[in-house]
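Just so it is clear, the structure is predicted and the values come from calculations on it, not from any experiment. Only this structure's heavy atoms are used, side chains among them; waters, hydrogens and symmetry mates stay out. Convention: sequence-line order gives letters A, B, ...; per-chain numbering from 1.
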Amino acid sequence: MDAIFLQFLNGLDKGGAYALIALGLTLVFGTLGVVNFAHGTLFMLGAFCAVTLRKLLTLEQVVLDTENLTAWGTATEIRTPYVEAWFGDFGTMLVDYSVPASILLAIPVMLVVGVAMERGLIKHFYRRPHAEQILVTFGLAIVLQEIVKHYFGANPIPQPMPAAFAGAADIGAALGMEPNVIVYPWWRLVYFGFSIVVIGAVFAFLQFTTFGMVVRAGMADRETVGLIGIDIDKRFTAMFGIAAIVAGMAGVMYTPLLPPDYHLGMDFLVLSFVVVVVGGMGSLPGAVAAGFLLGILQSLASMTEVKAIIPGIDQIIIYLVAVVILLVRPRGLMGRRGVMES
Amino acid sequence: MNSIFSMSRKDVITFLIFSAVVLLMPIWLQPFGAAYPDLMQKFAIFGILAIGFNILFGLTGYLSFGHAAFLGAGSYAAVWTFKLFSMNPIPALIFAVIIAGLFALAIGYVSLRRSGIYFSILTLAFAQMSYNLAYSVLTPVTYGETGLQLALDDPRIADAAFGGGSDVALPVSNLFGMVNMNGIPGFYFCAIFLIIGFFITQRIFASPFGMMLRAIKSNQNRMSYTGFNTRPYTLTAFVISGMYAGLAGGLMAVTDPLAGAERMQWTASGEIVLMTILGGVGTLIGPVVGAWLIKYFENIFSSFNENVLHNLFAFLPEGIEKFVVEVTSMFVGEGWHLTLGLVFVLVVTFLPGGMMEGYRRIVDMFQKKDDGDGKASTKSDAATAPAE
């Protein structure tokens, strides 16, 4: 029972990442009607925002200390990051919290990238067949990831989490169970909380703002909204930017859990597409629910007890679920009737 | 004359020219510096792969993102035949094609219940499942990360019975103990299959079956309303296309007897799609041209490194030279995929019919000039998704 609960928790952070990417995918699909194969790459770009910021923050100032000589008789080098030299304790803290701080960098960067991508390329593919949308965004994904590879190399770059969150939380004890049975890394908990907040924010934005209302109206009937005299295209472009920001932030916060490399996005993209299909093409709550569901299922399937019954199940469970869902209930768990149904 | 061989005059000419081009590759590729066996084998093998993929995507419009699974299945089947039965490539290829065909039948039967993007995702899901399983549970069969290789103590029943093969070195696949399958003979072996494959495709394109597939692409609903059950047709196309991929996978194993799971990864499927689109979806020759172009430029571009670039741009003034080298180095060598991705985006955006459409446009331009009536309006064979 404890083991199951633990795996359930383990699935939450991964599920959070799936849900955030799938949410963006669904937003883009629901508004622009475009199947965006480059969405995972936005996740990856977000992760590399964190890498870049950390690189900048840890640029070091080298001071030669001629008093203390090394064993070779040369002056000892004292290396301090510029930020620490300039800001003292605040600088140290900034370096420590580089990952969460990167969100501030990621938001404008991803907004620019997203809007540029939409205006530059995707705009021209609104009315073209889905197959061509898939192909062109697939090409774009290759281009983006190769550019990242050129500048950051092919190896994963580990990002440390803030020291305060490095440990693990004894959740079992907090819930009145035996201590040290259910121990859960703090950062995963943070990630889960973060994903809930972001998802909540996106939903609140769509639900409670005029802008969101117009967007929802546009999703339901684009033409009529256009006839009223609203420039719906502009708002949809903004939604693409928001989707890019969501994916980017998801990527930033995920870096301590998985060192990012250039094909991180593609790895997540395939899974996220599956998530979207399971949740139902065009359904935002469906995407979120399916994200968490599949994350949890995946981590339950990787329990040794389960693997003993069906070997290899942890590797294929997500795809298996997708196949079954697509065959039994093609519009997904919460898909609306008539959205991309054959 | 058998009815199967009654081809239109145009088809015969196309076929003869194609065969000549393929068979004379070692000669006409010489000036391009590509006339060495390894590369030409790749040309032939990936040509087969692209042709096969085109039967599915080009004719029916179903975009499969999991074709590499069949390629991998074919490779594994072929290597296992080498290990257990004989180093003769013929049984290995037969087995590879059969296995890939069965595999395609199973996957196609399930996937083809959906069309459009759902089909793409289903095939992608199946391919990823195969890839993940090949890496984990199926390691006794696939040897996981090390990949399936020949070993000295393989049984090779048939070879042992006929006393072929030595015990000291790893055997090379050979045709009835006579011709070794590496180098130029290996290329011709693959080339013959490419030509046969091309011939079969030509026949399919010209047949009522091919017509039916095109009809499915243009409007599947209408086909159903007229009373056709379209699924057997699409399934047949899917299986044929899977068998081509299996053949290509088998040939890969013939020319280089090892198989690894990375051949099944979805990026490999993506490469097949790239080739077909780049050349021209739905045309006969396009996919082969696309495969050749990609493999050729991959070879050329990957061999560039900083030194070569410095030599190339040595005539420029120092500062500019440095900058030019810096910029170009992004696109060559390791960065070859960047070039590929860019070209691909441009092709899909501006030339959805690929190279073949480009060629037609150029021809049209000149013809317009000639007769001046300007009626040349070729409709592009661009990939349209099946009706959803």
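- For B/Tyr131, no part lies under 4.5 angstrom from a heavy atom of chain A.
- Counting all heavy atoms, side chain and backbone alike, B/Thr60 lies closest to B/Thr234 at CG2-CG2, 4.3 Å.
- For A/Leu269 against A/His39, the heavy-atom pair with the smallest separation is CD1-N, 4.1 Å.
- Neither the backbone nor the side chain of B/Leu346 comes within less than 4.5 Å of any heavy atom of chain A.
- Residue contact with chain A, scored on non-hydrogen atoms closer than 4.5 Å, involves the side chain of B/Phe126 exclusively.
- Residues A/Phe236 and A/Phe240 keep their aromatic ring centres 6.0 Å or farther apart.
- The contact between B/Ser120 and chain A is made entirely by side chain atoms (from C-beta outward), counting heavy-atom distances below 4.5 Å.
- Per-residue counts of heavy-atom pairs under 4.5 Å with chain B were compared for A/Ile147, A/Ile318, A/Leu320, A/Ile316; the largest is that of A/Ile316.
- Between B/Tyr109 and B/Phe238, the gap from one ring centroid to the other reaches at least 6.0 Å.
- Only the side chain of B/Ile121 has a heavy atom closer than 4.5 Å to any heavy atom of chain A.
- With a 4.5 angstrom heavy-atom cutoff, B/Val273 touches chain A only via side-chain atoms.
- Taking the ring centroids of A/Tyr151 and A/Tyr262, they lie at or beyond the 6.0 Å cut-off.
- Here A/Phe138 contributes atom CZ and A/Thr41 contributes atom OG1; the two are 10.0 Å apart, rounded to the nearest 0.5 Å.
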